[in-house]
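See below for the structure under consideration.
Along the sequence shown, residues are numbered consecutively beginning with 1. Quick caveat, the model's predicted, so the values are computed rather than measured.
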Amino acid sequence: MKSAKKTIIFNLLYTALAVAIIFVAWWAMSAATDSEFVVPSVGATFSAFKDVFQNPFFWDGLIGTLLRSTVGFAVATALFLVAFLLSTAFEPFKRVADIIIGVMRSLPAVAVTLILILAVGGNVTPVVLGVLVIFPIMYSAAIARTATTPTELKEICVLCGGGKFTMLKSVYLPCLAGGLPESLATAFSYNIKAVIGAEILAQTVDSLGMLMKLSQVYFQPAMLMAFVITAVVLSVILEVTIRGVLKIALRRFADD
């Protein structure tokens, strides 16, 4: 118990130190430029939060971005699980999937966003881009993790007469489950960033990305910085929440 409390205290201290470093760097950049229109000061940015929360479009934008992120994350997770199951069961599928995933990882996000805007419109583009960004991350992380599975476990499974289904159920899935809290939480955070980036380019209505774009168009740097901080805080909170929930749900598969 003492060890757990000590760990929590040190984690809080490290978090506080990281936040302090960020604010000092922000203050230094603001002081160096000496212009609220280049790098807004900390005080001006936090004063802008009042306008952010009073903005009648803020909550619609926040909910819209969250919905797009959640839908994209759900689709990407489903695709990743199907692709992972098929890859572990059929080697030819894995070889083809590895090539496709490699191509997806190398796609330029901005160019793909512009193509998607023409193909599916501004409302759907952020969802599709989010899937294209995090699906390869999920799949690659899962394949890399299960690749470290001890050969002895596989050999024992085969010697006991286990087939592909038994190998998947008794070896690969438990190994995968241990890494899901970290990989899925990180993927969701990346997803929010990808979605907001696509919303800015696609000028998606009811989105944080559109609110950021409008702040830039109307030359409101403090407001823009406030929206950015909101997005960062949202990503961190959701990432920590997802990681915590999955760790509890999958604790029996956790790495020792």
Side-chain angles (χ1 to χ4, degrees), residues 22 26 36-37 39-40 42 44-80 104 107-138 184-246:
I22 291 172
W26 181 0
E36 293 291 340
F37 295 103
V39 180
V42 176
T45 299
F46 279 92
S47 295
F49 271 106
K50 180 180 179 180
D51 297 327
V52 167
F53 294 125
Q54 289 180 347
N55 188 324
F57 302 106
F58 170 72
W59 297 107
D60 289 338
L62 179 64
I63 293 172
T65 296
L66 277 176
L67 285 176
R68 294 183 193 92
S69 300
T70 302
V71 171
F73 180 75
V75 172
T77 302
L79 290 175
F80 140 67
M104 291 179 68
L107 290 174
V110 174
V112 172
T113 302
L114 296 176
I115 294 172
L116 288 173
I117 293 171
L118 298 175
V120 298
N123 288 326
V124 181
T125 290
V127 177
V128 179
L129 184 71
V131 173
L132 293 177
V133 168
I134 66 173
F135 168 59
I137 295 175
M138 292 176 170
L184 292 187
T186 302
F188 196 93
S189 182
Y190 274 117
N191 185 44
I192 291 180
K193 297 170 189 175
V195 166
I196 291 177
E199 289 172 346
I200 293 173
L201 287 176
Q203 299 184 25
T204 306
V205 296
D206 293 335
S207 69
L208 286 179
M210 187 60 177
L211 292 174
M212 292 179 186
K213 179 65 177 179
L214 290 174
S215 297
Q216 185 259 337
V217 169
Y218 292 113
F219 216 57
Q220 299 173 311
M223 182 78 78
L224 175 58
M225 186 69 76
F227 282 126
V228 171
I229 293 175
T230 301
V232 171
V233 171
L234 178 66
S235 296
V236 171
I237 291 175
L238 291 174
E239 181 176 340
V240 171
T241 301
I242 292 172
R243 183 182 291 111
V245 170
L246 289 177

* **Smallest separation among heavy atoms of S235 and I192, with atom names** => OG-CG2, 3.4 Å

* **Gap separating the OG1 atom of T241 from the CZ atom of F188, nearest 0.5 angstrom** => 10.0 Å

* Structure fact -> Rounded to the nearest 0.5 Å, the CG atom of L224 sits from the CD1 atom of I229 at a distance of 10.0 Å

* **Residue pairs fulfilling side chain to side chain donor-acceptor pair (under 3.5 Å) with at least one residue in residues 200-212, sequence neighbours excluded** => none

* To do: Answer yes or no: are there more than 12 heavy-atom neighbours, outside F58 itself, under 6.0 Å from its atom CZ?
  => yes

* To do: Taking all non-hydrogen atoms of both residues into account, name the closest pair between T186 and E239 and its distance.
  => OG1-OE2, 4.1 Å

* Pairwise distance CG(N123) to CD(E199) - rounded to 0.5 angstrom -> 9.5 Å

* Heavy-atom closest pair, residues G121 and T125 -> O-OG1, 2.6 Å

* How long is the gap from CG on N191 to CD1 on I134, to the nearest 0.5 Å? -> 4.0 Å

* Out of T230, V195, D60, T70, which one pairs with T65 under the side chain to side chain contact (heavy atoms under 4.5 Å, CB included) rule? -> V195

* Non-neighbouring partners of W26 that pass ring-ring contact (aromatic ring centres under 6.0 Å, His included), sequence neighbours left out -> F23

* Asked: Is there side-chain contact between M138 and T77, with heavy atoms separated by less than 4.5 Å?
  -> yes

* Nearest-0.5 Å distance that lies between atom CG in D51 and atom CZ in F227 -> 9.0 Å

* Asked: If every non-hydrogen atom of G130 is compared with every non-hydrogen atom of A194, which pair is closest and at what distance?
  -> CA-CB, 4.3 Å

* So, for T45 and A222, which heavy atoms are closest and what is the spacing to 0.1 Å? -> CG2-O, 4.0 Å

* To do: Kindly assign one of parallel, tilted or perpendicular to the pair F49 and F46, based on the angle between their ring planes and the thresholds 30° and 60°.
  => tilted

* To do: Using a 4.5 Å cut-off on heavy atoms from C-beta on, say whether the side chain of I137 contacts that of F80.
  => no

* Drop me the distance from L208's CG to L234's CG, to the nearest 0.5 angstrom. => 7.0 Å

* Asked: Which residues satisfy the side chain to side chain contact (heavy atoms under 4.5 Å, CB included) test with I22, sequence neighbours excluded?
  -> none

* Structure fact -> What one should report as the nearest heavy-atom pair of S215 and M223 is OG-CG, 3.4 Å

* Below 4.5 Å, heavy atoms only, C-beta onward: do V127 and V75 meet side chain to side chain? -> no

* Asked: Once the angle between the rings of F53 and W59 is folded into 0 to 90°, is it parallel (under 30°), tilted (30 to 60°) or perpendicular (over 60°)?
  -> parallel

